[in-house]
Novice: 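Dumping the structure here so I can ask a few things about it.
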Amino acid sequence: MLEALQNLFMGFSVATSINNILAALLGAVLGLIIGAMPGIGSLTGCALLLPITFKFNPVTAIIMLGSIYYANMFGGAYSAILINVPGDSPAIMTAMDGYALARKGQAGKALKISNLTSFVGGVIGTVILVFLGPTLAKFGLKFGPSEMAAMMLVAMTSISWLVGENPIKGVIASCLGMLIGTMGVDIITGNVRYDFGNVYLLGGLDFIPLVIGFFGLAQVFELAEGRNESQPMSDDKMDLRGGRLSRSDLKRITVPTLWSSLFGTFVGFLPGAGATTASFLSYAMQKKFGKNEEELGTGAIEGLAVSEASNNAAVAGAFGPLLSLGIPGSGTTAVLLGGLMLWGLNPGPMLFESEPEFAWGLIASLFISNLVALFIAMISIPLMAKVIRVPTGVMIPAIVTVCFVGAYATTNSMFGVVVMIIGGILGYIFQKNDYPIAPLLLAYVLSSSLEINVRRALVISQGSLSIFFTRPISLVLMIVFFSFILAPVIRNVIAKAREKKA
Amino acid sequence: MKKINSRTVIALCAVVLSIIWIYLGVTKYGLWDSRKGPLPGLFPTGIASVLLVTGTIGAVQSLKEKRATYKREAFEVIAGLILLLAGSYTIGILPSLLIFFVLWQIFIEKMPARTVIISTLVMSSIILGVFVFWLKVPFEKGVLFEFILK
């Protein structure tokens, strides 16, 4: 415990350099603006803003990205509360009570509660991360190649099953992601493969243009299709500045905020279960076990508090498996992992040993990002109310422009732009046909690590797959993996049998 | 008879890709060497085999699923992107983006002139400030400007 605190202080000495604080500040402002725009969300936000971080050294760049991620979560609540359009899926539950409060003329109060509980959730999540992160990494040190490979399979399948309604589509998306990830140089032998004679594919498909296309540009199609649908706009007379929190308000939200923050952090630690799951489960639990469950959905501040506290706590929790095991728990953390890899950092059990300044600098920066995001969010409530009213007609060409410029800036070639456009069109077609994109991205990012570990395990076992089933940790993980695969199949069989009976 | 829809096409494309990956993995890159162990084709072939099976199941399943509907607005975006790409090759990225940004708002979105002017000024300052002056990205000038500059 003392060691963790000492390391955290060392992390603060890294994170509190002027450059890093300015980067966190810039990330918070940009993240808040992007997050507040209806329909953008943290994943698209991080993907669009990733190229901007290229100017910095790896530590500063990741601090900025972390700040963008946090601020996105703060920002997502603005459109949910003011116009009933969640900026991101974790803010869906926020809209339930937040918008109801806004309609009652308490928009300012709702935004303040949202900001405050987001902050508390983030701080509690990060405190738990400080102590659990290194413990998880130490546990990860016991992992050999077979255990790491099994862990990655669990991470990939869990997100596949959670994101899509149809598990087959999740597997197809994951496999496609892995196949794309195998293009270019084989890391073990150095041979080039699946390049199809194209010089641009020698190093594989570039990560950033692909992510910008899949998440940024694909969003443009959604916005274009939905621009004629009327959106409930907020009342201009909403009291944004006012709405002081009374002592009884604070008393009402204290306990729900604390338990949902703890709960959200542990949900965030689970692979595949990110901020959205955390906010949905917390809200459901508050409804079932909370004091005034009948008020939830009609403007109860407890509902707003649990949703925001848990989703921000889950963001901090998601950094646990990312830093300690190199396994992203969600689409957004997959983007962060991709960013880390681009800067030559390899998150995993060794990160805390080999790059302590980076690992602890990042964790310390989460505290700073959280504080900065709270500060900016509190002072910019009137500005944010204007940001969410940016017409879709302006957002569409603006996002296209940022996607175009971002894809070019990261590759310095038109090939990157072409990849981004193809990625965007494919992303749109995938969304239209209910193919989840997040598993594809996760699989693409994890592909090379998974391959290295599978091949190393097979070298150790001289080609026998039994290595995945004879070692205790990998056996447990493989049981979990197969349970994930078989659960939807069994569920379908049972549902069909029930239908027949009926 | 059930008709093929875009869901079927995606699944079939996945099947075709998996066959290509398996073919190249087996014939070109190799799977296993008794001395070296796993070769570069092993992992991709394994994953492609899973994709082959799931893609086939997905194609069969898709015949029972509802057709996805596409709206005209999405094709406007695609047309805009193609024109933007063509423009980038001829007159350069930044001028093309500027023209796209303005024309899209005027003709597609029918935005008021004030909004167009303000948004163009804001966007231009962001792109020029961040990407041109700060990140110093050497944007493509396009064949026309390259020709004139020569």
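Side chains included, hydrogens not; waters and symmetry mates left out as well; all remaining heavy atoms used. Lettering of chains follows the sequences in order, A, B, ..., and the numbering in each one begins at 1.
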Novice: Tell me, for A:Ser413 versus chain B, whether the close heavy atoms (under 4.5 Å) come from the side chain, the backbone, both or neither.
Specialist: neither
Novice: Does the A:Tyr194 side chain pair with the main chain of A:Gly181, one donor and one acceptor, at a distance under 3.5 Å?
Specialist: no
Novice: I need the residue from B:Val130, B:Ile78, B:Ile20 with the largest number of non-hydrogen atom pairs under 4.5 Å to chain A.
Specialist: B:Ile78
Novice: Report the option among B:Ala11, B:Gly25, B:Ser6 that has the most heavy-atom pairs separated by less than 4.5 Å from atoms of chain A.
Specialist: B:Ser6
Novice: Under a 4.5 Å cutoff for heavy-atom pairs, which residue among B:Gly55, B:Ala68, B:Pro40 has the most contacts with chain A?
Specialist: B:Pro40
Novice: So which part of A:Asn433 gets closer than 4.5 Å to some heavy atom of chain B, the side chain, the backbone, both or neither?
Specialist: both
Novice: Could you walk me through whether A:Leu458 and A:Leu465 satisfy the side chain to side chain contact (heavy atoms under 4.5 Å, CB included) test, starting with their C-alpha distance in whole Å, then the side-chain angles of each, then the deciding distance to 0.1 Å, before giving a yes or no?
Specialist: CA-CA 7 Å; A:Leu458 289 175; A:Leu465 288 173; 4.0 Å; yes
Novice: Take the angle between the ring planes of A:Phe430 and A:Phe214 and call it parallel below 30°, perpendicular above 60°, tilted in between.
Specialist: tilted
Novice: Where does B:Leu24 contact chain A at under 4.5 Å (heavy atoms): side chain, backbone, both or neither?
Specialist: both
Novice: If we define contacts as heavy-atom pairs under 4.5 Å, which of A:Lys169, A:Met178, A:Met414 has the most with chain B?
Specialist: A:Met414
Novice: Distance from A:Thr410 atom OG1 to A:Ile52 atom CD1, nearest 0.5 Å?
Specialist: 12.0 Å
Novice: Please look at A:Ile429 and chain B and tell me whether the side chain, the backbone, both or neither of the residue comes under 4.5 angstrom of a heavy atom of that chain.
Specialist: both
Novice: Of the backbone (N, CA, C, O) and the side chain (C-beta and beyond), which part of B:Phe75 lies under 4.5 Å from a heavy atom of chain A, both, or neither?
Specialist: neither
Novice: What part of A:Met420 is in contact with chain B, defined as an atom under 4.5 angstrom from a non-hydrogen atom: side chain, backbone, both or neither?
Specialist: neither
Novice: Taking the six-membered ring for Trp, is the centroid-to-centroid distance between B:Phe43 and B:Trp32 below 6.0 Å?
Specialist: no
Novice: Check each atom of B:Leu39 against the heavy atoms of chain A and say whether the ones under 4.5 Å are side chain, backbone, both or neither.
Specialist: backbone
Novice: Which atoms of A:Val192 are under 4.5 Å from chain B, going by heavy atoms: the side chain, the backbone, both sets, or neither?
Specialist: backbone
Novice: Could you tell me if the side chain of A:Phe56 sits less than 4.5 Å from the side chain of A:Asn19, heavy atoms only?
Specialist: no
Novice: Please determine, among B:Ile10, B:Leu85, B:Val77, the option with the most heavy-atom pairs under 4.5 Å with chain A.
Specialist: B:Ile10
Novice: Are more than 12 heavy atoms from other residues, nucleotides or ligands located less than 6.0 Å from atom OH of B:Tyr70?
Specialist: yes
Novice: Check each atom of B:Thr115 against the heavy atoms of chain A and say whether the ones under 4.5 Å are side chain, backbone, both or neither.
Specialist: side chain
Novice: Is a side-chain N or O of A:Thr411 found less than 3.5 angstrom from the main chain of A:Ala407, in a donor-acceptor match?
Specialist: yes
Novice: Measure distances from A:Leu426 to the heavy atoms of chain B and classify the residue's part below 4.5 Å as side chain, backbone, both or neither.
Specialist: neither
Novice: Got a salt bridge between A:Asp434 and B:Lys66, using NZ or NE/NH1/NH2 to carboxylate O under 4.0 Å?
Specialist: no
Novice: Count the heavy-atom pairs under 4.5 Å between each of B:Gly37, B:Ser88, B:Ala14 and chain A, then report the option with the highest count.
Specialist: B:Ser88
Novice: If you tally heavy-atom pairs under 4.5 Å against chain A, which of B:Leu97, B:Leu17, B:Leu94 wins?
Specialist: B:Leu97
Novice: Given a strict heavy-atom distance threshold of 4.5 Å, which part of B:Phe101 is in contact with chain A: side chain, backbone, both, or neither?
Specialist: both
Novice: Could you check whether any side-chain heavy atom of A:Asp186 comes within less than 4.5 Å of a side-chain heavy atom of A:Arg455, counting everything from C-beta outward?
Specialist: yes
Novice: Look at A:Arg193 together with A:Glu451 and state whether they make a salt bridge at an N to O cut-off of under 4.0 Å.
Specialist: yes
Novice: Report the option among A:Thr401, A:Asn412, A:Val459 that has the most heavy-atom pairs separated by less than 4.5 Å from atoms of chain B.
Specialist: A:Thr401
Novice: Please state whether the side chain, the backbone, both or neither of A:Ile421 comes within less than 4.5 Å of a heavy atom of chain B.
Specialist: side chain
Novice: Do the side chains of B:Lys71 and A:Glu225 get close enough for a salt bridge, i.e. N-O under 4.0 angstrom?
Specialist: no
Novice: Heavy-atom distances under 4.5 Å only: say whether A:Gln462 touches chain B with side chain, backbone, both or neither.
Specialist: backbone
Novice: At a heavy-atom distance under 4.5 Å, which candidate from A:Ile396, A:Asn191, A:Val402 has the highest pair count against chain B?
Specialist: A:Ile396
Novice: Rounded to the nearest 0.5 Å, how far apart are OG1 of A:Thr182 and CD1 of B:Ile47?
Specialist: 9.0 Å
